[in-house]
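To keep things clear, I will list the structure first and then write my remarks on it.
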Amino acid sequence: MNEFTYYNIPLHLLSAYRQERLVVRTDDPAALAAALETEDPERIAGAQIVALDADSEPLNAWAPGLPLELILRDPAAEFPHLYRHTNLLDNHPVRAIIPVAPGFGKAVKVAVSLDFAVRLEVGQPESALIEEMAVVLEFYLHQSTVAQPIEYFHGALQGFFHGEPVSLWVLQDDDPQCLRYVTDEGVEQPSRRLVALNANVAPDAGLEAWIAQVLAAGEECQGCEFLRNCGGYFKWPRRDYDCAGVKRLFGYLRDAAAELRRDLDVRST
Ligand code: SF4
């Protein structure tokens, strides 16, 4: 654990985490604004609204600049609620966290059209969802109106373009070196993805050691051409997950970065 480690906690556990850096999640924005009024703003790294039908107005002018995230649970049903939170953008960077579930593409398009950044909450997608992800990736790569990043596509594309890959553990805010996720019941996990992880690695060993010894220790990951871009992310929680689809998406991103590089080289000659 390092000095930048933060805890993602539910609001009702605030009193138990008085010293740590925090991301606080709640379904009651008014209660959040009131509860954090007396907190040291330096240790609040962000806040998450987990109920999109909640009134976020109390957060509009509260702690300007504080990053906020809108958590969707059922993207196909909840995306219309995104419209009611656009005022937050006046004072905050706001990101919509959209699970890769059937119909999520519509939610992504609405979110970016409203100027929200997006992070896809991706599990271990089966083939139908891979196809939907491919459509969203195409939209992200080729739709000129997309002005906001869609993670993890954006970070992965940058990694390919600059030849400096960043693993999905980092891009997806799941880095076990930087995050402790505290469940609503108060159970601490290294991240949401690593439930019931029983790893014999020093907590401060560094993400590279975690990836080599635990997260991507399997044979397929060690031989994978996208190991440095992924870090074994898609082998959790099920180790027998078939990565063919996600490798295809990584391939599209790699090709897009190469094309971008070629275009820039042509323009500069
Ligand atoms: S794409 Fe699959 S095989 Fe490759 S590093 Fe990621 S989890 Fe491992």
Side-chain angles (χ1 to χ4, degrees), residues 8 97-102 104-105 108 118-142 149-181 189-203 205-261:
N8 183 316
I97 309 300
I98 300 177
V100 173
F104 80 97
V108 171
V118 168
R119 176 167 65 76
L120 301 178
E121 188 94 311
V122 58
Q124 294 178 299
E126 301 304 335
S127 53
L129 284 176
I130 290 287
E131 295 314 317
E132 206 168 338
M133 288 177 76
V135 171
V136 171
L137 176 55
E138 176 75 16
F139 168 74
Y140 163 68
L141 291 173
H142 300 298
I150 299 174
E151 298 291 5
Y152 64 93
F153 296 153
H154 180 76
L157 182 70
Q158 299 262 321
F160 283 118
F161 181 81
H162 294 292
E164 294 174 356
V166 178
S167 86
L168 292 192
W169 298 100
V170 174
L171 295 178
Q172 294 291 90
D173 287 351
D174 262 326
D175 180 353
Q177 291 297 290
C178 299
L179 173 79
R180 289 290 177 274
Y181 183 81
Q189 299 174 183
S191 79
R192 286 153 303 166
R193 203 170 185 92
L194 299 175
V195 181
L197 173 69
N198 189 11
N200 191 21
V201 181
L207 182 58
E208 293 306 317
W210 272 77
I211 287 174
Q213 296 173 37
V214 181
L215 305 175
E219 203 177 319
E220 186 183 350
C221 290
Q222 287 302 309
C224 177
E225 61 183 316
F226 301 115
L227 173 60
R228 294 175 66 216
N229 314 84
C230 174
Y233 193 79
F234 287 109
K235 288 298 185 187
W236 293 85
R238 279 193 300 111
R239 310 294 184 86
D240 63 351
Y241 174 70
D242 180 355
C243 283
V246 294
K247 288 179 184 176
R248 179 158 63 94
L249 299 178
F250 275 126
Y252 292 159
L253 284 159
R254 178 190 53 199
D255 295 348
E259 194 179 325
L260 207 53
R261 169 64 63 198

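Both ligands and their constituent atoms are indexed starting at 1 by order of listing. None of these values were measured; they are calculated from a predicted model.
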Which protein non-hydrogen atom lies closest to atom 8 (Fe) of ligand 1, naming both residue and atom, and how far is it? Cys221 SG, 2.3 Å
Under 4.5 Å between any side-chain heavy atoms of Tyr233 and Arg193, yes or no? yes
Show the atoms of ligand 1 that are less than 4.0 angstrom away from any heavy atom in Lys235.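 Result: 7 (S).
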List ligand 1 atoms under 4.0 Å from Cys230, heavy atoms only on the residue side. 1 (S), 5 (S), 6 (Fe), 7 (S)
Would you compute the distance between atom CG of Leu253 and atom CG of Leu157 and round it to the nearest 0.5 angstrom?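 Taking CG in Leu253 and CG in Leu157, the distance rounds to 6.0 Å.
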Decide, counting backbone as well as side-chain atoms, whether Cys243 has an N, O or S atom less than 2.8 Å from atom 8 (Fe) of ligand 1.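 It does not: Cys243 brings no N, O or S atom closer than 2.8 Å to atom 8 (Fe) of ligand 1.
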Before giving the answer on salt bridge (charged side-chain N to carboxylate O under 4.0 Å, His left out), spell out for Arg261 and Glu259 the whole-Å C-alpha distance, their side-chain angles and the decisive distance to 0.1 Å. CA-CA 5 Å; Arg261 169 64 63 198; Glu259 194 179 325; over 6 Å; no
Heavy atom of Gly232 under 4.0 Å from ligand 1?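 Yes, Gly232 has a heavy atom closer than 4.0 Å to ligand 1.
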Candidate pair Ser167 and Asn229, rule side chain to side chain contact (heavy atoms under 4.5 Å, CB included), full reasoning: CA-CA 5 Å; Ser167 86; Asn229 314 84; over 6 Å; no
Among Glu220, Arg228, Arg239, closest by any non-hydrogen atom to atom 3 (S) of ligand 1: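 When every heavy atom of Glu220, Arg228, Arg239 is considered, Glu220 comes closest to atom 3 (S) of ligand 1.
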Given Cys224, Gly223, Gly245, which has its nearest heavy atom closest to atom 4 (Fe) of ligand 1?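 Going through Cys224, Gly223, Gly245 one by one, Cys224 has the nearest heavy atom to atom 4 (Fe) of ligand 1.
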For Phe104 versus Glu132, what's the shortest heavy-atom pair and its separation?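 Shortest heavy-atom contact: N-OE2, 3.1 Å.
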Tyr252 and Phe153: CA distance, side-chain angles, deciding distance, side chain to side chain contact (heavy atoms under 4.5 Å, CB included) verdict: CA-CA 10 Å; Tyr252 292 159; Phe153 296 153; over 6 Å; no
